[in-house]
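What follows is one structure encoded as structure tokens, with my remarks underneath.
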2 protein chains.
Amino acid sequence: MFSNSTKYAIRTIEYLLFNKEGGKNTVGALAKELDIPQPYLSKIMQQLSKSKLISSTKGRGGGFYLSEENMKRPLIDIVICIEGKNVFRECVLGLPECSDDNPCMLHEHFKKFRDSLRQSVCKDGIKFLLSTSQSQKP
Amino acid sequence: MFSNSTKYAIRTIEYLLFNKEGGKNTVGALAKELDIPQPYLSKIMQQLSKSKLISSTKGRGGGFYLSEENMKRPLIDIVICIEGKNVFRECVLGLPECSDDNPCMLHEHFKKFRDSLRQSVCKDGIKFLLSTSQSQKP
DNA sequence: GGATAAAAGGATATAAATATCCTAATTAAA
DNA sequence: TTTAATTAGGATATTTATATCCTTTTATCC
Ligand code: FES
Ligand code: FES
């Protein structure tokens, strides 16, 4: 479905949502907590950082965190950042073009999923998790 | 999103829907028509055939086609056949378990997509395409 | 200012997905 | 019964994704 890189990216951002602005997390800590290979996660964080999907400070005491701006980014941007280019503009079955006029067999199904990712921003993750979880990590 | 193999599989089955039972298609013809590497598609067809998602006859004049039984299979089976095992039971973000009790950030979004693939059978593709297309290949 | 801790970035190794090639088995036609 | 066309299946090559390693830059603490 998604590549490992994308999964890691979303899960990490999801985790960062619980460390509101100022709470910095080192790659080492994140990798351990989320059970992701540390150097690999490091690369992914770099990519996300370049695309302004997460924030970071270098040097001692530094780390990664989400700014208010970061939290407003739609979920789909995370996927696009890692999976590259217009993965969500393309047809899910790899047809040269995705359009309502010439839909593939999964077009309607996929469109709903895609649109829901477009409309949700990272911040919604907090609301969602807090509203549905009983024993979530604080 | 999906692997190339899965995309090829679904697109090919979609194509076969227009050649109702009896109309046999060689791998060569399918590969050419759908712009898929021929020997690679051949492997995929073998896999689909083993899982009874498509039918085939060997020898001269043989080829692949869909039986009525094949057409009743849910779309999700195609994905599972290629992508392997329980790709659709797993969490889309790779968490060890997917459940309503401990949902990931994409759980609700993904669940809808997954369920729509579970509920649609191949045959629906015909209905769907015929109802929405203006200038589809016959 | 020197030591330390962190992200940033380049280069490389490993594993998996994608693709190709070649031979065997099967069937139909000639 | 031979020949040709086709799927089935094994073995292998190529490309891409995944993962690791090492160096550089930046900031903090002492
Ligand atoms: S045409 Fe395939 S997803 Fe839109
Ligand atoms: S928990 Fe992630 S998809 Fe269900």
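Remember, it's a predicted structure, so these values are computed and weren't measured experimentally. Each chain gets a letter, A, B and so on, in the order the sequences are listed, and its residues count up from 1.
Close to D/dT18, at under 4.0 Å from its OP1 or OP2, lies a side-chain N or O of A/S5. Taking only side-chain nitrogens and oxygens, A/S56 comes nearer than 4.0 Å to OP1 or OP2 of C/dA8. Phosphate proximity of D/dA17 to A/Y40: absent, as no side-chain N or O sits under 4.0 Å from OP1 or OP2.
Across the protein-nucleic acid pair, A/M45 atom CE and C/dG9 atom P stand 14 Å apart, rounded to whole Å. Look at CZ on B/F64: it is 14 Å from P on C/dT27, rounded to the nearest Å. Per the geometry, CG belonging to A/N4 stands 18 Å off P belonging to D/dT16, to the nearest Å. Look at OH on B/Y65: it is 16 Å from P on D/dT6, rounded to the nearest Å. The nearest whole Å value for the distance from the CD atom in A/Q38 to the P atom in D/dA19 is 13 Å. Straight-line distance from the CG atom of A/L16 to the P atom of C/dA7: 11 Å, rounded to whole Å. When the P atom of D/dA19 is taken as reference, atom CD1 of A/I44 falls 8 Å away, rounded to whole Å. In this structure, CG of B/L41 is placed 15 Å from P of D/dT6, rounded to the nearest angstrom.
Within 4.0 Å of B/K50, counting heavy atoms only, lie sugar-phosphate atoms of the nucleic acid but no base atom. Across all strands, A/S49 comes closer than 4.0 Å only to sugar-phosphate atoms, never to a base (heavy-atom distances). Counting non-hydrogen atoms under 4.0 angstrom, A/G63 reaches the backbone sugars and phosphates but no base. If you check every strand for non-hydrogen atoms under 4.0 Å, A/P37 touches sugar and phosphate atoms only. Residue A/S42 is classed as having no contact, given no heavy-atom separation below 4.0 Å to the nucleic acid.
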*asked:* Pair A/N70, A/S67 - check side chain to side chain donor-acceptor pair (under 3.5 Å), show working.
replied: CA-CA 5 Å; A/N70 296 147; A/S67 68; 3.0 Å; yes
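Set against C/dT26, C/dA8, D/dA19, the side chain of A/K58 has C/dA8 as its closest nucleotide. When distances run from any side-chain atom of B/T26 to the nucleotides C/dC21, D/dT7, D/dA19, the shortest one goes to D/dT7. Out of C/dA7, D/dT18, C/dA8, the shortest distance to the side chain of A/V27 is found at C/dA7. Looking at the side chain of A/K43, the nearest of the listed nucleotides D/dT20, D/dT28, D/dT18 is D/dT20.
At least one side-chain heavy atom of A/F2 sits less than 4.5 Å from a side-chain heavy atom of B/L106. A heavy-atom distance below 4.5 Å is not found between the side chains of B/R73 and B/I78. The shortest side-chain heavy-atom distance between A/M71 and A/V121 does not fall under the 4.5 Å cut-off.
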Show the atom names and distances, to 0.1 Å, of all donor-acceptor pairs under 3.5 Å that link a side chain in residues 38-47 of chain A to residues at least two apart or in another chain.
unit_1: A/Y40; atom_1: OH; unit_2: A/S5; atom_2: OG; d: 2.5
unit_1: A/Q47; atom_1: NE2; unit_2: A/C81; atom_2: O; d: 3.4

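Both B/G59 and A/G62 lie near DNA chain D, and the one whose nearest nucleotide falls closer to the 5' end is B/G59. Toward the 5′ end of DNA chain D lies the nearest nucleotide of B/T57, the other residue of the pair A/R60 and B/T57 mapping further downstream.
Cluster membership check: A/F110 does not share its hydrophobic cluster with A/L95, using side-chain heavy-atom separations under 4.5 Å among Ile, Leu, Val, Met, Phe, Trp and Tyr.
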